[in-house]
There are 2 protein chains.
Amino acid sequence: MQKPKVPDIVVGRLPLYLRALSQMKSEGKRVTSSQELGERLGISSAQIRKDLSQFGGFGKQGTGYNIAYLADQLKTILKVDRVWDVALIGVGDLGRAVANYGGFLHRGFRIVAVFDNDPAKIGSRIGSFIVEDATNLVTSIRSKAIKVAMIAVSQVDAQAVTDRLVEAGVLGILCYAPISIAVPSHVKVQYIDPVVHLQRMTYHLP
Amino acid sequence: MQKPKVPDIVVGRLPLYLRALSQMKSEGKRVTSSQELGERLGISSAQIRKDLSQFGGFGKQGTGYNIAYLADQLKTILKVDRVWDVALIGVGDLGRAVANYGGFLHRGFRIVAVFDNDPAKIGSRIGSFIVEDATNLVTSIRSKAIKVAMIAVSQVDAQAVTDRLVEAGVLGILCYAPISIAVPSHVKVQYIDPVVHLQRMTYHLP
DNA sequence: TAGATTGTTAATCGATTAACAATC
DNA sequence: TAGATTGTTAATCGATTAACAATC
C-alpha cells in the first residue's frame, strides 16, 4: 500500500488549523466545529472537513471536534509532536530577532546553533547562543544532525550558504533572503519576503 | 467595460516575477524568456506566459522579454511604480529589525511612522525614527494619509491594533503576529508566520 | 530565410463547493 | 428522540498544461 498523496495546498493549511486550535485551547474552549474554525480563518467549513478527512475522521457527528485531540493529531501529522533542532545562519538585525523569538519552542522548533561570517560577531553572544564561525557550518551542523535551517543572510550570500547547508545534510530551509535559491529535489524550501506580501496588497489598493 | 477579474493566485506570483527580473537586471542581463524565468522560479514557462497575458503582451516572438520593460510594466500593475508610506506598529526585536531593513525603498515602500505602547520606548530613536505613542495611532496615521501598515506586536494586542488601523483608514495590513485577524472586506491582510512555513516543511521530512 | 519564442486556445487536471446520508 | 454536524460523494468551478499558429 502506497502512502496516499496529499496535495501540497492541503498540507499548507494544516498549520493554520493547528494555530487556530491552539489559540482556542488557550481561550479555554474544549470543542469546535468546522464552521467555527472556518469563520476564524476565512475558509469554508466544507473545505476544512475535506482537508481533515484526508488523514482520518477526527470529529463526531452532531458534536464537532475535540480541540485538544484534533490539535494533537495535527501535530503528529505535521511531525511537530517532537521538537526539531534548527540552525540559524546570519545574525544581522533580522537574524538577531529570529534568535530571540520565543515562539518557536512550543510549536515544535528550537534553535540550537547560530552562525555568521563576520569576525566581529563570531564568538559573541546572541541571547543564549554563541555565534559560530560560518566556516565550520558543515561540520557543526552535521555533527549535531540538524535537519532544518533558517537563512537570514544577504541576498548575495544566500545561495552559497544554501549549498553548504545541503552538503551538511539539511533537508528543510526557511529562506528570509529575497531571492529564489536552487536546491536538490529532496530539500524543501520555504520563503519569507515581506515585500512580496506588501506588493500582493498594493495591487488591490486604489 | 468592467475590469477583467484576475485570479488572486496569478496576482500572487507577479511579485516573484518582478523580484527575479530585478535580480536579472542587476546581473546585467537585458532580455529573458518565459523558460529562463520559469527555471529560476520553479514555474512552468506556459504558466508565466499565461499569467502575463492577463495584463497584455509584453514580449516579442522569437526574442522573449525585455527585462527592464517587463519589470516596469509589473511595477505599474502592482502599483509599486510609486512609493507607499508605511506605518510600523510594535518595536520589539522583530519591529526593530523591520524598521532597520534597507530593502523596502527600492521595491516601493517607505516606513514613515513607528509606534509602540511601551513608555520606555516612546520617544526613543529606532534608526531614523522617533517611536510614537500608540495612543495617538489613529490621529497620526490619518493625518499622514498612510494606507499600509505592518503589525509587529504581540498576539494579544494584534486585534486591537488592527481595529485602530482600520479606523485610521489603513487599507492593507501585513501581520507578523501568529494569529488570524478580523478586518472589514475592503481591507487586505497578509500574514508572515515563520512557524507555519517550518511546519509545512516538516510534514515532508522523514 | 530559418530558428526561436510569444500569446492563445483547447484539453487536462485538480481543487472547491454543495448536498446529504450517517450518526453522535 | 430531535437537532446538529461530520465524512463523503458528485457536481461545479478554476487553474495548469500542452500544443501550435503567429510572428519577430
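Lettering of chains follows the sequences in order, A, B, ..., and the numbering in each one begins at 1. No experiment lies behind these values; they were computed from the predicted model shown.
Which of D:dA15, D:dG7, C:dA15 sits closest to the side chain of A:P7 comes down to C:dA15. Comparing C:dT5, C:dT9, D:dA15 against the side chain of B:K50 picks out C:dT9 as the nearest. When each of C:dT8, D:dA22, C:dC24 is scored by its nearest atom to the side-chain atoms of A:Q61, the top-ranked nucleotide is C:dC24.
In this structure, CG of B:D8 is placed 12 Å from P of D:dT16, rounded to the nearest angstrom. Note: CD1 (A:I9) to P (C:dT17) measures 11 Å, nearest angstrom. Regarding A:Q35, its CD atom lies at a distance of 7 Å from the P atom of D:dT5, rounded to whole Å. Between the CZ atom of A:F55 and the P atom of D:dT6 there is a distance of 18 Å, rounded to whole Å. Here the P atom of nucleotide D:dT16 and the CD atom of B:Q47 are 4 Å apart, to the nearest Å. Following rounding to the nearest Å, A:Q54 (CD) and C:dG14 (P) show an atom-to-atom distance of 13 Å. Rounded to an integer number of Å, the gap from A:D51 CG to C:dT17 C1' is 12 Å. Rounded to whole Å, atom P of D:dT5 lies 14 Å from atom CD1 of A:I48.
With contacts defined as side-chain heavy-atom distances shorter than 4.5 Å, the pair B:Q159/B:I179 does not qualify. Annotation: side chain of B:L137 is not in contact with side chain of B:E167 (no heavy-atom distance under 4.5 Å).
Position along DNA chain C of the nearest nucleotide to A:T63 versus B:F58 favours B:F58 as the more 5'-ward residue.
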Margin query: Run A:D85 and A:K144 through salt bridge (Lys or Arg N to Asp or Glu O under 4.0 Å) and show every step you take.
Written below: CA-CA 9 Å; A:D85 287 349; A:K144 291 172 180 150; over 6 Å; no
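Here the options are A:V6, A:L14, A:L18, the test is side-chain contact (heavy atoms from CB on, under 4.5 Å), and the partner is A:I77; only A:L14 passes.
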Next item on the list: Could you summarise the pairing of DNA chain D as dot-bracket text, marking Watson-Crick and G-U pairs under 3.5 Å with ( ) or [ ] inside the strand and | across strands?
Entry: ..||||||||||||||||||||||
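B:D51 and B:Q47 form no side-chain donor-acceptor contact under 3.5 Å, judged by distance and modelled atom types alone.
Residue B:R13 has a polar side-chain atom (N or O) positioned under 4.0 Å from OP1 or OP2 of D:dT16. An OP1 or OP2 oxygen of C:dT5 is reached within less than 4.0 angstrom by no side-chain nitrogen or oxygen of B:S33. The phosphate of D:dA4 (OP1 or OP2) has no side-chain N or O of A:Y65 nearer than 4.0 angstrom.
With rounding to the nearest 0.5 angstrom, the OG1 atom of A:T32 is 9.0 Å from the CD atom of A:E39.
Within the 3.5 Å criterion, the main-chain N or O of B:I181 finds a donor-acceptor partner in the side chain of B:Y191.
Using a 4.0 Å heavy-atom distance criterion, B:S34 is classed as a sugar-phosphate-only contact.
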